[in-house]
Amino acid sequence: MPIAKLSPLLVNQIAAGEVIERPASVVKELVDNALDAGATRIDVQIAEGGRDLVRVADDGAGIGLDEMELALTPHATSKIATADDLAAIQTMGFRGEALASIMSVSRMRLASRARGAEAGGVIEASGDRIGSLAPIGSAVGTVVEVRNLFFNTPARRKFMRGASTEFGHINDMLRRLAMAHPSVGFKLTHQTRVTFDLPPGQTPAQRCMALLGDDVAEAMLEFDSDERGIKLWGMAGLPSLARATAKYQYVYVNGRPVRDRNIMHAIKEAYRGLIEPSAQPMIVLFVTMQPREVDVNVHPTKSEVRFADANAVHGQVLATVRQRLLATDLVPQARLAGGFKSSFSASSVDLTAAGEQPQPQIESTRDFVDYFKRMDPTQKGFIYQQVKQEMADDREDDQADEQRDDEPALTESIRPSAQSILQVHNSYIVTQDEHGIVIIDQHALHERMMFETLYDRICKHGALESQRLITPVIIDATAGRIATLEQVQPLLAKIGIEAEAMGPNTIGVHAFATLLFDRGVDPVEFIEALLDRAEEQQYSPSDEAALHEVLDMMSCKAAVKAGDSLRPEELGELLARRDQIERASNCPHGRPTTVRLSLRDLEKHFKRS
Ligand code: ADP
Ligand code: MG
């Protein structure tokens, strides 16, 4: 294709492609113009979601008859003249392309009467054709009608959605604009139905309430701050108002609605832990600063901005909103004892811990806030310090022991893992690893360790240590029992038990496993249980599985029990050896020895992520 200049129509249609995405964009451009013209009332009428008609009427300054045609020409604007003006934009529009773009893809009618002019004029324009100016009797102000949007660009027309979807976008757009201009009256009508009619002369807070609704209004907290040239004002919704989408976030920079990721992130951070991670808070936020500190000229539709100091904006938004939320007694009627009653109980997390005592539940916003207030580092430190002090005391004792018996191996192994170990209810050991909190069933772990140690010893030495009894222990037995005993004798020998028949109805125990003896295990009870099991399971003495079972029994009997109070060095040793033992995460019976609460789970649970 040879190089040729694009036709003016095509140039405008390409420009329209950037700025005019859908009917809502037309509304935005026309309302921007009305605002720039100093309108106090803006009336928007829509037919078929804007596909058929967008009509915007204002009572602003109007356009002089001699400028009507110029207004429709591309790059014709009354708003800036020099590059300096561009650096300090105060108006909504400045490119001079909206009217030219819109008319290139629609049938437009522009009627206006300038303030002080005796009469008004009307001009029709469509595609690249501008009709002749005709006089018209009208009030001061401007009325722009846009019909049959994209009638001559079928590809774009195809991308428009149904009337209700397009009207939804218009409604959302106009609300955003109305929020930022509380002094201006806004009326929106779809077909014949009035969607909203906001009076002029409202305060920002009144406008917020009017747009968000009375029920929501009482759950909004007003905030403001002014630091180093950045002014913030807004209303932050209680966490219970959080929604699934960011549709109810109204964010403005110097009066322009923006969708700035930096600011949205700061807002999300301010609500961190107060709302579900996927939820979006309801908020109205106005950021005001020197026009030179922010570049609004980034995108044709100007919903993106570029800050000279984005970090400062982020930090101030985060701090201001978060402080406002946390400083608020959000639900005064909530009581800490018993169940909570709250009018804002949308968020609920069951933090009830296992145990007889019902724990307070975080059920209301107030509780969340209390929770975060309680997350006082000095408090945490207090508990930690206490544990550390105890550990230090023990270490001193250990050092004394060391000097006494010159056996540092045990204490060495205690020390590194002694940090922050806690025994709770004399049953569980609580500690931490790099992934989070680790809760260990002391009995299950010790049992596992015993098993491994004993099994290892049998493999190495063939049998466990045995304690000879001064007088044999007598067990009453039937002939069948004695037969079983004789069958499993080699197995008993392996675990350090020496027992034989002493007459037709008696078993005599001559030696018992040292380990069990030391732990005070009753030989009669243990051997009877073992023989019961052997009969039940038809043990064959050479069977590896039988040895496992017997070692299980021993480990279980010898291990520390739930309820045994352990000295810090015992806790330390358990943990130190835990790392060395294979399969330490399950006891020999397959029950878990350890539960881990990962930091991730905790964050999820406390709604921090
Ligand atoms: P821009 O707003 O970027 O200047 P537009 O194409 O939207 O460009 O408008 C062109 C010019 O037409 C504006 O600069 C303004 O002077 C005039 N104009 C448009 N709409 C109105 C209106 N509603 N009231 C008064 N003047 C208007
Ligand atoms: Mg404009």
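Checking side-chain atoms of Asn152 against main-chain N and O of Ser104 turns up a donor-acceptor pair under 3.5 Å. In terms of modelled atom types and a separation under 3.5 Å, the side chain of Glu48 and the main chain of Leu53 share no donor-acceptor contact. Judged by distance alone, with hydrogens and angles left aside, the side-chain atoms of Arg207 form no donor-acceptor pair with the main-chain N or O of Ala180 at under 3.5 Å. When atom types are taken as modelled, the side chain of Arg259 and the backbone of Val251 share no donor-acceptor pair closer than 3.5 angstrom. A donor-acceptor contact shorter than 3.5 Å links the side chain of Arg157 to the backbone of Leu149. For Asn262 (side chain) and Ala310 (main-chain N/O), a donor-acceptor pair under 3.5 Å exists by modelled atom type.
Between Thr245 and Gln280 the shortest side-chain heavy-atom distance does not fall below 4.5 Å. Annotation: side chain of Tyr248 is not in contact with side chain of Val216 (no heavy-atom distance under 4.5 Å). Side-chain contact between Met160 and Pro23 is present, with heavy atoms from C-beta onward closer than 4.5 Å. Counting heavy atoms from C-beta on, the side chains of Asp32 and Leu177 come closer than 4.5 Å. Inter-residue side-chain proximity for Trp233 and Pro204 is flagged as met; some heavy-atom pair is nearer than 4.5 Å. Here the side chains of Thr40 and Val184 are not in contact, with every heavy-atom distance at 4.5 Å or above. Using a 4.5 Å heavy-atom threshold, the side chains of Ile170 and Leu188 count as touching. Between Leu325 and Phe223 there is no side-chain heavy-atom pair separated by less than 4.5 Å.
For the atom pair CG (Asp309) and CD1 (Ile230), the distance works out to 6.5 Å, reported to the nearest 0.5 Å. Rounded to the nearest 0.5 Å, atoms CG (Asn171) and CD (Glu166) are 13.0 Å apart. Atom-to-atom distance recorded for Arg324:CZ and Asp224:CG is 9.5 Å, nearest 0.5 angstrom. Expressed to the nearest 0.5 Å, how far OG1 of Thr77 lies from CG of Leu99 amounts to 10.0 Å. Between atom CD of residue Gln432 and atom CD1 of residue Ile437 there is a gap of 8.0 Å, rounded to the nearest 0.5 Å. From Met264, atom CE reaches atom CG of Leu285 across 11.5 Å, with rounding to the nearest 0.5 Å.
Across all their heavy atoms, Val321 and Ala236 have their closest contact at CG1-CB, 4.3 Å. Residues Arg156 and Ile20 come closest through the heavy atom pair NH2-O, 3.4 Å. Considering every non-hydrogen atom in both Asp172 and Lys247, the closest pair reads OD1-CG, 3.9 Å. Scanning both residues, Arg147 and Ser106, for their nearest heavy atoms gives O-CB, 3.4 Å. Leu30 and Val56 make their closest contact through CB-CG2, 3.7 Å (heavy atoms, listed as atom of the first residue, atom of the second, distance). Here the closest non-hydrogen pair linking Asp441 and Tyr428 is CA-CD2, 3.9 Å.
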Side chain to side chain contact (heavy atoms under 4.5 Å, CB included) between His314 and Phe307, worked out: CA-CA 10 Å; His314 185 280; Phe307 297 105; over 6 Å; no
Side chain to side chain contact (heavy atoms under 4.5 Å, CB included) evaluation trace for Val313 with Met289: CA-CA 10 Å; Val313 177; Met289 59 178 73; 3.7 Å; yes
Working for side chain to side chain contact (heavy atoms under 4.5 Å, CB included), residues Arg22 and Arg161: CA-CA 9 Å; Arg22 59 191 341 152; Arg161 302 295 197 81; 3.9 Å; yes
Thr142 and Asn33: CA distance, side-chain angles, deciding distance, side chain to side chain contact (heavy atoms under 4.5 Å, CB included) verdict: CA-CA 10 Å; Thr142 304; Asn33 281 347; over 6 Å; no
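At most 12 heavy atoms of other shown residues, nucleotides or ligands fall within 6.0 angstrom of atom CD in Gln290. Within a 6.0 Å radius of OH in Tyr250, more than 12 heavy atoms belonging to other residues, nucleotides or ligands are found. Counted within 6.0 Å of CZ on Arg41, heavy atoms from surrounding residues, nucleotides or ligands total 12 or fewer; the atom is thus considered open. Taking a 6.0 Å sphere around CZ of Arg243, one finds it holds more than 12 heavy atoms contributed by other residues, nucleotides or ligands. Atom CZ of Phe151 sits in a crowded spot, with more than 12 heavy atoms from other residues, nucleotides or ligands closer than 6.0 Å.
Between Tyr252 and Phe286, the angle of the ring planes stays under 30°, which puts this pair in the parallel group of the 30/60° scheme.
For His190, the side-chain contact (heavy atoms from CB on, under 4.5 Å) partners are Ile46, Phe167, Thr195, not counting sequence neighbours. Contacts of Met209 classified as side-chain contact (heavy atoms from CB on, under 4.5 Å), with partners at least two apart in sequence or in another chain: Ala217, Met235.
Looking at Ser225 and Gln316, their side chains do bring a donor and an acceptor atom within 3.5 Å of each other.
Residues Arg55 and Glu145 are paired through a salt bridge, judged by an N-O separation under 4.0 Å between the basic side chain and the carboxylate.
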